[in-house]
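Scroll down for the structure; my scribbles are underneath it.
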Amino acid sequence: MRLAVFMVRVITGQINLINGVGLGNTALAFLNNTIMALWELDLPYAMQLSPDGDVETVGHWDFGGELKMGMTAHPKVDPVTGEVFAFRYGPIPPFINYFRIGVDGTKQPDIPIFSFRQPSFVHDLAITERYTIFPDIQIIMRPLEMFTGMGPLMGCEAQKVPRVGIIPRYATDELEMKWVEVPGLNFVHSVNAWDEKGGEEVVLVAANIVLVEHILERMDLLH
């Protein structure tokens, strides 16, 4: 039902997809020498300062036409190389597409992650000098309900064992992805991550949701 209402609004001109469908109110990031307002279900919005000091919206930023859909609101910028590491997720396979953006603003090809077995809520990632880290938590998306409007869009799957996926930053496919089960770890936001012992070990610091089922009650507070 919600999808049908949305499509009617598009057809009748109430929503102009060219102007975007998001709020761009989750986070700000400085990417490609541009201030961008981010919301994970839409393209980034480029911002600029006017001569009078006001903040103005320039419009969608799609990295030269290479970014066709939304991206995470929490991309990670390597402070040494200036590269951007990001992803997008959704309710249909592949549930995660990983990509990076070069220092010249060129988006590299998507790497579909088919080993991400079900549509889950993936809000953030972490990077180290060698690896990119993804969460696979107990908060799941419900595609049928999402498209029909016949129930909650997200739920908590208590029997699911959370995992952390670790893939080399410059991987060209998902063959090098390693998944590690981490019972009880449901992280939505990462704090930091780094390599130890020459890359043989990875340390991740993240905020854990202890009572994961309660976060569904206030998803509006999540940024």
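These numbers come from a predicted model, not from an experiment.
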If the condition is side chain to side chain donor-acceptor pair (under 3.5 Å), which residues does Thr57 pass it with, not counting sequence neighbours?
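Once residues adjacent in sequence are excluded, Thr57 has no partner under the side chain to side chain donor-acceptor pair (under 3.5 Å) criterion.
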Mind checking side chain to side chain donor-acceptor pair (under 3.5 Å) for Asn97 and listing every partner two or more places apart, or none if nothing turns up?
none
Compare all side-chain heavy atoms of Phe85 with those of Pro75 and state whether any distance is below 4.5 angstrom.
no
hydrophobic_cluster_shared for Leu125 and Tyr89, side chain cutoff 4.5 Å
yes
Pairwise distance CZ(Phe95) to CZ(Phe116) - rounded to 0.5 angstrom:
8.5 Å
State the CD-CD distance between Gln138 and Glu157, to the nearest 0.5 angstrom.
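Reported value, rounded in 0.5 Å steps: 8.5 Å.
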Report the C-alpha separation of Phe121 and His123 in whole Å, then their side-chain angles, then the decisive distance to 0.1 Å, and conclude whether the ring pair (Phe, Tyr, Trp, His ring centres under 6.0 Å) test is met.
CA-CA 6 Å; Phe121 182 58; His123 188 66; 5.5 Å; yes
Side chain to side chain contact (heavy atoms under 4.5 Å, CB included) partners of Asp52, counting only residues at least two apart
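Partners of Asp52 by the side chain to side chain contact (heavy atoms under 4.5 Å, CB included) criterion, ordered by chain and then number, come out as Ser50, Asp54.
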Other hydrophobic cluster members with Trp61, side-chain heavy atoms of Ile/Leu/Val/Met/Phe/Trp/Tyr under 4.5 Å, chained?
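Other cluster members: Leu31, Met36, Leu38, Leu43, Phe63, Leu67, Met71, Val77, Val84, Phe99, Ile101.
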Residues sharing Val205's hydrophobic cluster, by side-chain heavy-atom contacts under 4.5 Å among ILVMFWY, directly or via others?
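Members alongside Val205: Val191, Trp194, Val203.
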Are any side-chain N or O atoms of Asp110 and backbone N or O atoms of Pro112, one a donor and one an acceptor, separated by less than 3.5 Å?
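Here the side-chain-to-backbone pair does not exist.
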Is there any salt bridge (charged side-chain N to carboxylate O under 4.0 Å, His left out) pair reaching into residues 175-189, and which pairs are they, with sequence neighbours excluded?
none
